Undergrad: 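Please find one structure pasted underneath; my questions will follow.
Keep in mind it's a predicted model, so treat the numbers as computed, not measured. These numbers come from the heavy atoms of this one structure, side chains and all, not from hydrogens, waters or symmetry mates. Numbering starts at 1 and runs along the sequence shown.
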Amino acid sequence: MEPDFEQITAQARTATTELLDAASLRAGDLFVVGCSSSEVLGGRIGKASSQEAARAVFGGIYPILRERGIYLAAQCCEHLTRALIVEGVCAERYGYEPVCVVPQPHAGGSFAVQAWRAFERPTAVERIRAHAGLDIGGTLIGMHLREVAVPVRLSLDHIGQAILLCARTRPRFIGGSRAVYE
């Protein structure tokens, strides 16, 4: 059975929109995406990288983020120590130090390759602290989220055949029983 790339794009668009609404992100915030194109197509993570699947997912996510002024951080695979691809202006704004690497389909991952090709000035960095994110296919984005991550359930739990996990972040609660929180 041939993959339905239009459906994959639509699922990625829906997931992104729902998570943005739940997380109340603002222009300039960071949104991390880890995406196994192998898992999207029903394979094992890292074993069947697909530029077509990555392009479909990227096409559902990136236009929405750009429209809202939110920075996309595309997480690379473990072969690049889960480095991230961001726009150069994002790295500068947050003070992230660039590292020298260009993602490839089997060393970085197809989704990171799509980001590298689409960004005006792609820059690789080792770590970030994102405000929210999508984990598509068990890519383990938690290390790139701010300290207090809150799971978010969406109307869908898969993109293609990949399991979808989402999170937003919030500031830590401090102050004890007398404190008042928003």
Undergrad: Do I85 and F111 have side chains that approach each other closer than 4.5 Å (heavy atoms only, starting at C-beta)?
TA: no

Undergrad: Do you know which two heavy atoms are closest between G88 and T123, and how far apart they sit?
TA: CA-OG1, 3.2 Å

Undergrad: Counting only N and O atoms by type, is there a donor-acceptor contact under 3.5 Å from the side chain of E87 to the main-chain atoms of R121?
TA: yes

Undergrad: For D135, does its backbone N or O pair with a side-chain atom of T139 as donor and acceptor, under 3.5 Å?
TA: no

Undergrad: Might you point out which heavy atoms bring R93 and G28 nearest each other, and give the distance in Å?
TA: NH1-CA, 3.3 Å

Undergrad: For the residue pair Y71 and Y94, categorise the inter-ring angle as parallel (less than 30°), tilted (30 to 60°) or perpendicular (more than 60°).
TA: perpendicular

Undergrad: Return yes when atom NE2 of H158 has more than 12 non-hydrogen atoms of other residues, nucleotides or ligands closer than 6.0 Å, and no otherwise.
TA: yes

Undergrad: Count the heavy atoms of every other residue, nucleotide or ligand shown that sit under 6.0 Å from CZ of R153, and state whether that count exceeds 12.
TA: no

Undergrad: Just by modelled atom types, is the G138 backbone N or O under 3.5 Å from a matching donor or acceptor in the E39 side chain?
TA: no

Undergrad: Could you tell me if the side chain of V40 sits less than 4.5 Å from the side chain of S50, heavy atoms only?
TA: no

Undergrad: Is I70 reachable from I128 through a run of hydrophobic residues whose side-chain heavy atoms are each under 4.5 Å from the next?
TA: no

Undergrad: Checking side chain to side chain contact (heavy atoms under 4.5 Å, CB included) against S49, which of C77, S36, S110 comes through?
TA: S110

Undergrad: Same cluster or not: are V125 and F31 linked, directly or through other Ile, Leu, Val, Met, Phe, Trp or Tyr residues, by side-chain heavy atoms under 4.5 angstrom apart?
TA: no

Undergrad: Could you check whether any side-chain heavy atom of R82 comes within less than 4.5 Å of a side-chain heavy atom of H144, counting everything from C-beta outward?
TA: yes

Undergrad: Any sub-3.5 Å donor-acceptor pair from T9's side-chain atoms to G60's backbone N or O?
TA: no

Undergrad: Closest heavy-atom contact between L156 and A15?
TA: CD2-N, 4.2 Å

Undergrad: State, to 0.1 Å, how close T14 and S155 come at their nearest heavy-atom pair, and which atoms those are.
TA: CG2-OG, 4.1 Å

Undergrad: Quick check: closest heavy atoms across L41 and Q161, and the distance to 0.1 Å?
TA: O-NE2, 3.8 Å

Undergrad: Quick check: do I61 and I136 have side-chain heavy atoms less than 4.5 Å from each other?
TA: yes

Undergrad: Using the rule given for side-chain contact (heavy atoms from CB on, under 4.5 Å), can you reason through I8 versus I159, listing the C-alpha separation, both sets of side-chain angles and the distance that settles it, and then say yes or no?
TA: CA-CA 6 Å; I8 291 168; I159 292 180; 4.0 Å; yes

Undergrad: Would W116 end up clustered with V33 when hydrophobic side chains under 4.5 Å apart are linked, directly or stepwise?
TA: yes

Undergrad: Would you say that T81 contacts E126 through its side chain, given a criterion of any heavy-atom pair below 4.5 Å between the two side chains?
TA: no

Undergrad: Is the closest side-chain heavy-atom distance between V57 and Y62 below 4.5 Å?
TA: no

Undergrad: Can you name the one residue among R170, R168, R146 that meets side chain to side chain donor-acceptor pair (under 3.5 Å) with H131?
TA: R146

Undergrad: So E52 and P3, do their side chains get closer than 4.5 Å, heavy atoms only?
TA: no

Undergrad: When you group the ILVMFWY residues by side-chain heavy-atom contacts below 4.5 Å and let the links chain together, are L145 and M143 in the same group?
TA: no

Undergrad: With the side chain counted from C-beta on, respond yes when L65 and L20 share a heavy-atom pair under 4.5 Å apart, and no when they do not.
TA: yes

Undergrad: Let me check something: do L72 and V102 share a hydrophobic cluster, defined by ILVMFWY side-chain heavy atoms less than 4.5 Å apart, either directly or through other members?
TA: yes

